[in-house]
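To find a chain, count down the sequence lines: A is the first, B the second, and so on, and within it residues start at 1. Scope of the values below: all heavy atoms of this structure, side chains included, with no hydrogens, waters or symmetry mates.
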2 protein chains.
Amino acid sequence: MAERSRRRIAGAGRAEILTVARQLFMARGYRAVSTRDIAAAVGMTQPALYHHFSGKEALYVAVLEDELARRSAEMWEVARLEVSPSERLATIAERIATRSRHDLSQMFHDLRTEVSGGTRARIGAGFRDAMLRPMVVILDDMIARGAIGSPEVTGLSVPEMAMFVLGVIRMLTEVESGPARGRQRSPGEVGQITVRLVTLGLAESRTP
Amino acid sequence: MAERSRRRIAGAGRAEILTVARQLFMARGYRAVSTRDIAAAVGMTQPALYHHFSGKEALYVAVLEDELARRSAEMWEVARLEVSPSERLATIAERIATRSRHDLSQMFHDLRTEVSGGTRARIGAGFRDAMLRPMVVILDDMIARGAIGSPEVTGLSVPEMAMFVLGVIRMLTEVESGPARGRQRSPGEVGQITVRLVTLGLAESRTP
DNA sequence: GTCTATACTGAGATAGAC
DNA sequence: GTCTATCTCAGTATAGAC
């Protein structure tokens with residue numbers, strides 16, 4: 001079970017295709033990954049994929065739904081921990097940072113430009129359920145504790161706050177490769193800095 | 001000078017091609033725009049583009065450099081206004097929000113995945129000069145005034161803070177189309193909320 | 001369920017006439 | 001400087017044998 005370049009991945013089937021396709025799509029984006037690339041990585045010929053999936057977009061949808069299901073499970077697990085909401089926020093940021101770098105940016109781009117309207121709506125709804133809802137639960141708890149302000153004082157709805165949090169995490173995990181030429185941070189650091197930026201922004205400190 | 005569907009844009013040349021290509025590339029991304037699309041929009045045939053540019057990527061580079069030059073001019077203009085740095089920050093956010101929605105996300109994605117390494121390095125450097133440097137000037141002023149903390153207390157270098165600011169603006173201008181289903185905000189609102197999020201995060205208020 | 005062979009398409013690029 | 005015609009390639013997808 002050592003060589004897997006030419007030889008087939010043991011018992012390759014739908015699950016193995018999904019695993020391989022997920023890695024490729026998340027790393028390089030929908031357009032940049034061909035069905036031949038996927039087939040080669042799995043160890044089968046390109047037409048063989050069509051026995052398992054009706055086409056490239058259908059495979060992509062399956063990959064996204066699989067990916068969202070994994071993330072959803074992880075996020076709800078953290079959202080339900082018996083610690084303060086700020087600690088849960090730090091933990092969730094840490095977990096997201098542990099995953100490979102550009103996943104979410106890649107996904108948003110592909111949803112916007114590469115897939116059909118039906119797929120976009122379907123996966124958009126899945127994203128809300130999988131990633132936004134658990135984050136909203138945490139943020140609601142933070143609002144209740146006074147750690148952050150309500151929508152009235154901040155000017156953002158809670159789902160928008162959740163997008164803000166995801167944006168902060170994205171920034172922290174991408175700076176190493178982006179034009180700011182920042183240094184790579186450990187997931188733990190990402191968690192700490194995320195909480196700081198979300199609760200304080202760049203302010204000197206809470207009560208100067 | 002009314003019809004421009006079939007007929008040529010008056011005196012079309014390099015400049016007209018750049019204008020049209022910029023709109024298409026910024027709206028739909030590099031891969032999703034074909035050279036035929038561009039030629040058709042300008043009112044010439046596809047091979048005619050090759051008289052003005054050596055290829056698609058060369059045209060894209062020219063578009064990006066043109067776009068960065070415009071943004072740079074605008075950002076330096078704001079960075080030098082004789083008002084407080086927070087007001088300059090609000091104004092810059094407002095200006096960026098006025099431009100069309102996905103420009104920056106699109107650009108980052110294309111730089112990461114669609115162009116050669118040489119182009120990536122070249123445009124990355126241009127981006128630092130055009131967008132990060134003026135923002136860094138403003139943020140330095142804010143640090144000097146105590147409006148925000150230094151890199152030591154925030155854990156972010158100033159260029160990273162600049163990326164954070166751009167991320168906040170991006171979030172505010174994209175929520176309307178993203179999964180959070182937020183409402184469209186006026187550029188003025190984007191400016192106000194940006195300053196708030198950058199200086200306070202989601203905190204209730206500065207001195208509770 | 002997987003293969004070989006191949007159809008079909010879109011896209012980037014070149015040749016050469018005008 | 002722009003056109004028509006065409007090349008070449010990559011990529012998705014299908015047909016049909018095993």
Engineer: Expressed in angstrom and rounded to an integer, what is the separation of B:Leu49 atom CG from D:dT2 atom C1'?
Structural biologist: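 So the two atoms are 11 Å apart, to the nearest Å.
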
Engineer: Among the nucleotides D:dG11, D:dT14, C:dG12, which one has an atom lying closest to any side-chain atom of B:Ser34?
Structural biologist: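 In terms of side-chain proximity for B:Ser34, the closest of D:dG11, D:dT14, C:dG12 is C:dG12.
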
Engineer: Any donor-acceptor pair under 3.5 Å joining the side chain of B:Gln46 to the base of C:dA13?
Structural biologist: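 In this structure, the two groups form a donor-acceptor pair.
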
Engineer: What is the distance, to the nearest angstrom, from the CD atom on A:Glu114 to the C1' atom on D:dT12?
Structural biologist: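 The distance from CD of A:Glu114 to C1' of D:dT12 comes to 15 Å, rounded to the nearest Å.
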
Engineer: Using atom CE of A:Met44 as one end and atom P of C:dC3 as the other, report the distance to the nearest whole Å.
Structural biologist: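 Between P of C:dC3 and CE of A:Met44: 7 Å.
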
Engineer: Is any side-chain nitrogen or oxygen of A:Thr35 closer than 4.0 Å to OP1 or OP2 of D:dT12?
Structural biologist: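 Affirmative; the distance criterion is met.
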
Engineer: For A:Arg31 and A:Ala48, find the nucleotide of DNA chain C closest to each by heavy atoms; which residue's nucleotide sits nearer the 5' end?
Structural biologist: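 By nearest-heavy-atom nucleotide position, the 5'-most residue is A:Ala48.
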
Engineer: What integer distance in Å separates A:Tyr50:OH from D:dA13:P?
Structural biologist: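 For the pair A:Tyr50 OH and D:dA13 P, the rounded distance is 3 Å.
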
Engineer: To the nearest Å, how far apart are A:Tyr30 OH and D:dA10 P?
Structural biologist: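 Whole-Å distance recorded here is 19 Å.
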
Engineer: Answer yes or no: is there a side-chain heavy-atom contact under 4.5 Å between A:Arg80 and A:Val137?
Structural biologist: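 No - every pair of side-chain heavy atoms lies 4.5 Å or more apart.
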
Engineer: How many Å lie between CD1 on B:Ile17 and C1' on D:dG1, as a whole number?
Structural biologist: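 Result: 10 Å.
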
Engineer: Is there a donor-acceptor contact under 3.5 Å linking the side chains of B:Glu16 and B:Thr19?
Structural biologist: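 No - no donor-acceptor pair under 3.5 Å links their side chains.
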
Engineer: Does A:Ala79 offer a backbone N or O that forms a donor-acceptor pair with the side chain of A:Arg88 under 3.5 Å?
Structural biologist: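 Yes: the side chain of A:Arg88 pairs with the backbone of A:Ala79.
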
Engineer: CD1 of B:Ile38 versus P of C:dA13: gap in Å, rounded?
Structural biologist: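 After rounding, the gap between these two atoms is 11 Å.
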
Engineer: For residues A:Phe25 and A:Met107, determine if any side-chain heavy atom of one lies less than 4.5 Å from a side-chain heavy atom of the other.
Structural biologist: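 No, their side chains stay 4.5 Å or more apart.
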
Engineer: What integer distance in Å separates A:Arg36:CZ from D:dT12:P?
Structural biologist: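 Going from CZ in A:Arg36 over to P in D:dT12 covers 8 Å.
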
Engineer: Which parts of residues 51-63 of chain A get close to DNA chain C, meaning a heavy atom less than 4.0 angstrom away?
Structural biologist: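 When residues 51-63 of chain A is checked for heavy atoms under 4.0 Å from DNA chain C, the hits, listed by number, are A:His51, A:His52.
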
Engineer: Closest approach to the side chain of A:Thr45, judged atom by atom: which nucleotide of C:dT14, D:dG11, C:dC3 is it?
Structural biologist: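 When the side chain of A:Thr45 is considered, C:dC3 is the closest of C:dT14, D:dG11, C:dC3.
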
Engineer: Please tell me whether B:Arg28 and A:Thr113 have a donor and an acceptor in their side chains that are separated by less than 3.5 angstrom.
Structural biologist: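 Distance-only check fails for B:Arg28 and A:Thr113.
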
Engineer: What residues form a ring pair (Phe, Tyr, Trp, His ring centres under 6.0 Å) with A:Phe164, not counting sequence neighbours?
Structural biologist: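 If we apply the ring pair (Phe, Tyr, Trp, His ring centres under 6.0 Å) test to A:Phe164, skipping adjacent residues, there are no hits.
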
Engineer: Considering only heavy atoms from C-beta outward, does the side chain of A:Ile193 approach that of B:Leu156 to under 4.5 Å?
Structural biologist: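 When only atoms from C-beta onward are counted, B:Leu156 and A:Ile193 do touch, with a gap below 4.5 Å.
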
